[in-house]
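Here is the structure we will look at.
Order of the sequence lines sets the chain letters (A, B, ...), proteins ahead of strands, with each chain counted from 1.
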2 protein chains.
Amino acid sequence: MIDQRKLPCRKTYVVCKNYPAVIRAIRDLVIRGAPAIGVAAAMGVALGALKIRTRNRDRFEAKLDAVCQEIVAARPTAVNLRWAVERMKQVVTLNGDDTVEKLQSILVAEAKKILAEDIFINRAIGRYGQRLLKDGSCVLTHCNAGALATAGYGTALGVVRAAAEAGKRIEVIADETRPFLQGARLTAWELMEADIPVTVITDNAAGYIMQQGKVDAVIVGADRIAANGDVANKIGTYMVAVLAKTHQVPFFVAAPLSTIDLSIITGKEIPIEQRDEKEVTHFQGKQTVPHGVVAQNPAFDVTPHRYVSAIVTEKGIITPPFKAKIRGLFASG
Amino acid sequence: MIDQRKLPCRKTYVVCKNYPAVIRAIRDLVIRGAPAIGVAAAMGVALGALKIRTRNRDRFEAKLDAVCQEIVAARPTAVNLRWAVERMKQVVTLNGDDTVEKLQSILVAEAKKILAEDIFINRAIGRYGQRLLKDGSCVLTHCNAGALATAGYGTALGVVRAAAEAGKRIEVIADETRPFLQGARLTAWELMEADIPVTVITDNAAGYIMQQGKVDAVIVGADRIAANGDVANKIGTYMVAVLAKTHQVPFFVAAPLSTIDLSIITGKEIPIEQRDEKEVTHFQGKQTVPHGVVAQNPAFDVTPHRYVSAIVTEKGIITPPFKAKIRGLFASG
């Protein structure tokens, strides 16, 4: 996988040869973005399965379960991680008669399938979502919900890409997205590579830019969506949503169904990962906060559904009220 | 003056021996904060006056005017800069019969008086403002409106200091304040020195923190206040104000009368300084935005008066509607 900590200055790769390496990569933000984490998790389960040295099916399953538990614990907020691991476990259950060897190859195939499906799903999200963007639109986005956050193409940026591919002139304003600067480093990088005009601003400037009437739409990804449409996403997303409502700018969320967690009724129940304060107090090794002062570093926030104008999924676009429509997305198979 | 670009890691001083050095210090953010800029500007005028080599009063005034114009142009948004320079010019007008030599010493004395008055004014702001903060309050602030932004004590942080001096337990949450990190570097530093508990967050986390119900009040400084109460302050202040209103948290502005510009009817007319994009694209020399991607770097935004719960001045606290009350502050002499 591309080491996203090094972008945009260097494009280097991290090769994970076993599942603990995958867990480290997820935890240390070598790879991030809910769908990308899901794919990496599936690959991690497959790698873990290949290393289990037993022909006894029960022992294999017990060991695989332990691997799965470790992987799920890598990061708490993005539900795609759990979703992907559950899907891998289900494959084992569904193939109850197969040998361990056969199961191992089935798991590898399933992980590859999840990877391929993710790109396919992103393209579907893009196809539906691009209808929301008019020719000449200026779109503000927060964090990176692009090709780098997925197996490729992107969710929020997939919508932007699809609009551009449909011949629309789209301009993007990217919040830099402190503390990890996914917007400045990753969104700006992949849009530049895609020849889509992009301007980076500090997160602080989003209000000013909206006041100037420059933003036609906000589009972001999601790390987990509750059954009522509340959206957990990168810290600061909620602020952008409140500003969008204040300025009557539509606020769109683009995410695959695997991001929706029907077991979570409202966003209040979504666990918010608190990351190391050093990500705030230090910048690429340089200290910015006086020694002895504490910092708080929540990685996500929850945007209540009343701020969300539409959710774009691979099965189409839903608008408020979300609850029944979200259930409907799953009911339709 | 303390070189604020180097804090909190190093406490070094920049000595300005002539007015171009003062202009550079203001423009390059060695010194920042509206009241501090005002004091520095007055000192700059005095330094400029001392270097004028003529005994002819008319020629002296013409040369001093040129110095004043250059100083006023150093930064466009903070009105205290212009206010201080105008006050220095007025001293010349008021002493029409004096010799150049006498005028020079009067100007030096006036600059020192502006310095001394600023601390006195801040203490008055603190004394009034601290009534707004209850014992046990958690106060969120943006940027640095502290001792470092003034001749000493601070405006917004002066209110916090006064509350602490009155025996109240006050806890501060400091937005780090990108791109220059005045919150992380300066507010955290001076509160730590004052033994007032402070936690630093990214600007993105302010919404999350308010959602958790942790913030009892927001208090910020100002760079210019229009006649209707609209407030220009550090970029991102408007976002915090919108969030405060959303969460029914009072939003207080602490500023001396010299920050109020009665010639400006609404905030829309306040010029917003656009600073070098490198402050966004580079971090202490390190590039964070891909080469070739543009950034926008507005240094301030305007918070409309409807978001402001109260303005604390050295003459007392005013609440909405502001217009007549602001005029009243000046009428009462």
Side-chain angles (χ1 to χ4, degrees), chain A residues 7-9 142 173-179 181 184-185 188-189 191-193 197-209 211 234-243 245-246 272 277 279-281 283-284 286-298 300-304, chain B residues 7-9 142 173-179 181 184-185 188-189 191-193 197-209 211 234-243 245-246 272 277 279-281 283-284 286-298 300-304:
Chain A
L7 285 175
C9 296
H142 191 76
I173 292 172
D175 279 359
E176 64 173 3
T177 318
R178 281 280 293 153
L181 298 177
R185 298 189 301 107
W189 183 75
L191 289 176
M192 187 183 64
E193 298 256 305
V198 57
T199 301
V200 173
I201 58 171
T202 62
D203 307 302
N204 274 331
Y208 170 83
I209 298 286
Q211 265 182 332
K234 179 56 52 204
I235 189 75
T237 301
Y238 168 61
M239 297 177 63
V240 175
V242 170
L243 282 165
K245 196 172 196 81
T246 302
I272 299 295
E277 62 173 354
E279 290 179 355
V280 177
T281 59
F283 190 92
Q284 299 187 336
K286 265 200 161 170
Q287 192 174 334
T288 56
V289 170
H291 189 73
V293 169
V294 292
Q296 210 186 323
N297 185 19
F300 303 93
D301 59 25
V302 173
T303 299
Chain B
L7 287 173
C9 295
H142 190 76
I173 292 173
D175 279 357
E176 65 173 2
T177 319
R178 279 281 292 155
L181 299 176
R185 297 189 301 109
W189 184 75
L191 290 176
M192 187 184 63
E193 298 257 304
V198 57
T199 302
V200 173
I201 59 169
T202 63
D203 306 302
N204 275 331
Y208 170 83
I209 298 286
Q211 265 183 331
K234 178 57 51 207
I235 189 75
T237 301
Y238 168 61
M239 296 178 64
V240 175
V242 170
L243 282 166
K245 196 169 196 83
T246 301
I272 299 296
E277 63 173 353
E279 289 178 359
V280 178
T281 59
F283 191 92
Q284 299 186 336
K286 263 199 163 169
Q287 192 174 334
T288 56
V289 170
H291 188 73
V293 169
V294 294
Q296 210 186 324
N297 185 18
F300 304 94
D301 59 25
V302 172
T303 299

Item checked: Best-contacting candidate, A:T281, A:L243, A:T177, A:D301, against chain B by heavy atom pairs under 4.5 angstrom -> A:L243
Next item on the list: For residues B:E176 and A:T288, determine if any side-chain heavy atom of one lies less than 4.5 Å from a side-chain heavy atom of the other.
Entry: no
Check: For the residue pair B:V280 and A:I201, what are the closest heavy atoms and their distance?
Finding: CG1-C, 4.5 Å
Next item on the list: Looking only at non-hydrogen atoms, find the nearest pair between A:P290 and B:A184 and report the distance.
Entry: CD-O, 3.1 Å
Check: Which one, A:V240, A:T202, A:T237, leads in non-hydrogen pairs under 4.5 Å with chain B?
Finding: A:T202
Note to self: Please classify the contact between B:Q211 and chain A as side chain, backbone, both or neither, with a heavy-atom cut-off of under 4.5 Å.
What the structure shows: side chain
Checklist line | Part of B:I272 within contact of chain A (heavy atom distance under 4.5 Å) | finding: side chain
Notebook entry, point to check: Taking all atoms of both residues into account, what is the closest heavy-atom pair of B:Y208 and A:F300, and its distance?
Noted result: CD1-O, 3.8 Å
Notebook entry, point to check: Of the listed residues (A:P304, A:G292, A:A241, A:P298), which shares the most heavy-atom pairs with chain B below a 4.5 Å separation?
Noted result: A:P298
Next item on the list: With sequence neighbours left out, write down each residue that passes side chain to side chain contact (heavy atoms under 4.5 Å, CB included) with A:Q287, or none if nothing qualifies.
Entry: A:H282, A:H291, B:C9
Checklist line | Contact leader toward chain A among B:K234, B:H142, B:E277, where contacts are heavy-atom pairs under 4.5 Å | finding: B:H142
Notebook entry, point to check: Which value, rounded to the nearest 0.5 Å, describes the distance between A:I235 atom CD1 and B:D203 atom CG?
Noted result: 11.0 Å
Checklist line | Considering all heavy atoms, the nearest B:M239-A:N204 contact | finding: SD-O, 3.2 Å
Notebook entry, point to check: In terms of heavy-atom proximity below 4.5 Å to chain A, should B:I209 be classed as side chain, backbone, both, or neither?
Noted result: side chain
Item checked: Any residue meeting side chain to side chain contact (heavy atoms under 4.5 Å, CB included) with A:T246, in chain and number order, not counting sequence neighbours -> A:V242, B:Y238, B:V242, B:Y307
Notebook entry, point to check: In terms of heavy-atom pairs under 4.5 Å with chain B, which of A:V294, A:V302, A:L181 leads?
Noted result: A:V294
Checklist line | Which portion of B:N297 sits near chain A, non-hydrogen atoms under 4.5 angstrom | finding: neither
